[in-house]
Amino acid sequence: MAYHQPHRPLSPHLQVYRLPLVAIVSISHRISGVVLSAGLVILLGFLWGIAFGGAEPAAPYPVLRDLLDGWFGRIFWVVLTFAFFFHMGNGMRHLFWDIGKGFALCTARASAVAVLVWAVGATAVLWGVML
Amino acid sequence: MSGQLSQASALAAAKNHGSAKSGTIHWWWQRLTAISNLILSGWFVCSLVALPDFSYPTLRQAYASPVCAGLLGVFGLSIIVHMRLGLQVVIEDYVHHKGLKLFKLVMLNLYTAVLVGILMLSMIKLVAPL
């Protein structure tokens, strides 16, 4: 155990260590994945309501629609679409790493910035098109 | 899965090969579904943006065609499998209590099955209204 060997190097203490951009993007991939998992249940709720509805939508649809009306809904959809585009962009970054490309530190930094620009841009364009 | 939860023999556990034998299929499915998610997301976003509005009748009419409902079903399955694999890793990494970890992994499998059930029933109902 590292605690009993004071001269051994320690991994960064997350409370005091300022994470570099690549590390922030890395953990954000997980966070956005969990956010998207939560969003999936909501979307399936809408789907169920659409599929089982007649002239009017069925059970969870009206509740979800009313819940996601107004400012709370705006925040929800913008956060969900941002998480979607971010996870998509950073996922492609992972696929490039899987085929052995893009490991150089300067490349990894540049691709991290590119993913952020893509996620912000795509979210803005999507809501610009829709609103 | 950690060594304690697997069925690895004492020799395999001692040689520390227990987890490596079942890890590649997880990795591989995560990548396969990542690629199918990527392709089907493109279709899904385009199909949504092309709609005149997001009202109930519009959505119902748009996705009730067999092709659209079928694509939505495949997309949903791909997403659910990818979610299942990703959340498994999150649980394995952050839940340290052995019993609680096993419980949460079992709950994740149940949750996944429920989501697949919701998706499949919705697909059938969309295409063939009873």
Side-chain angles (χ1 to χ4, degrees), chain A residues 26-27 29-62 64-65 68-69 73 77 80-81 83-99 122-123 125-131, chain B residues 27-28 30-35 37-39 41-42 44-46 48-51 53-64 69 72-73 75-76 79-80 82-87 89-91 93-94 108 111-112 114-130:
Chain A
S26 175
I27 189 63
H29 193 67
R30 277 202 169 180
I31 295 168
S32 60
V34 173
V35 168
L36 289 169
S37 302
L40 179 64
V41 200
I42 309 282
L43 292 181
L44 282 174
F46 276 116
L47 179 65
W48 180 275
I50 290 167
F52 285 84
E56 291 295 313
Y61 189 110
L64 292 172
R65 184 187 53 201
L68 297 173
D69 196 32
W77 291 116
L80 193 67
T81 47
F84 172 76
F85 287 122
F86 177 85
H87 202 82
M88 178 191 271
N90 205 48
M92 288 171 74
R93 198 162 157 250
H94 271 281
L95 290 175
F96 274 104
W97 287 332
D98 290 337
I99 57 170
T123 309
V125 168
L126 184 73
W127 290 106
V129 167
M130 286 191 179
L131 298 178
Chain B
W27 184 92
W28 181 235
Q30 196 166 39
R31 268 61 187 179
L32 280 183
T33 51
I35 293 166
N37 285 350
L38 192 61
I39 296 164
S41 290
F44 184 63
V45 172
C46 290
L48 273 180
V49 172
L51 293 175
D53 58 82
F54 297 132
S55 66
Y56 165 70
T58 311
L59 288 169
R60 185 175 168 83
Q61 204 204 346
Y63 291 104
L72 208 56
F75 182 42
I79 292 273
I80 291 170
H82 194 77
M83 179 210 75
R84 154 76 180 73
L85 295 169
L87 289 183
V89 176
V90 171
I91 291 169
D93 280 358
Y94 301 130
L108 175 62
Y111 179 67
T112 306
V114 170
L115 291 192
V116 171
I118 290 172
L119 178 73
M120 291 295 105
L121 284 173
S122 299
M123 290 304 99
I124 294 165
K125 192 72 170 58
L126 259 183
V127 181
L130 298 171

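Throughout, protein chains are lettered first and strands after them, A, B, ... in sequence-line order, and every chain is numbered starting at 1.
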CG of B:L126 to CH2 of A:W48: how many Å apart, nearest 0.5 Å? 11.0 Å

Can you find a pair of side-chain heavy atoms, one from A:L47 and one from B:Y63, that are under 4.5 Å apart? no

By side chain to side chain donor-acceptor pair (under 3.5 Å), which residues pair with A:S26, not counting sequence neighbours? none

With a 4.5 angstrom heavy-atom cut-off, is it the side chain or the backbone of B:D53 that approaches chain A, or both, or neither?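 Neither part, no heavy atoms under 4.5 Å.
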
Contact class of B:L115 relative to chain A, heavy atoms under 4.5 angstrom: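 Contact with chain A: backbone and side chain both.
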
Validation: residues 32-46 of chain A side-chain donor-acceptor distances under 3.5 Å, sequence neighbours left out:
from: A:S32; atom 1: OG; to: A:S28; atom 2: O; distance (Å): 2.9
from: A:S32; atom 1: OG; to: A:H29; atom 2: O; distance (Å): 2.9
from: A:S32; atom 1: OG; to: A:H87; atom 2: ND1; distance (Å): 3.1
from: A:S37; atom 1: OG; to: A:G33; atom 2: O; distance (Å): 2.9

Closest contact, heavy atoms only, [X] versus [Y]:
| X | Y | result |
| --- | --- | --- |
| A:A51 | B:S122 | CB-O, 3.3 Å |
| A:A55 | B:Y56 | O-CE2, 3.6 Å |
| A:Y61 | B:F54 | OH-O, 4.0 Å |

Quick one: which of A:R65, A:M92, A:E56 has the most heavy-atom pairs under 4.5 Å with chain B, could you say?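 Highest number of pairs under 4.5 Å: A:E56.
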
Tell me which of these, B:L119, B:V49, B:L121, has more heavy-atom pairs under 4.5 Å with chain A than the rest. B:L121

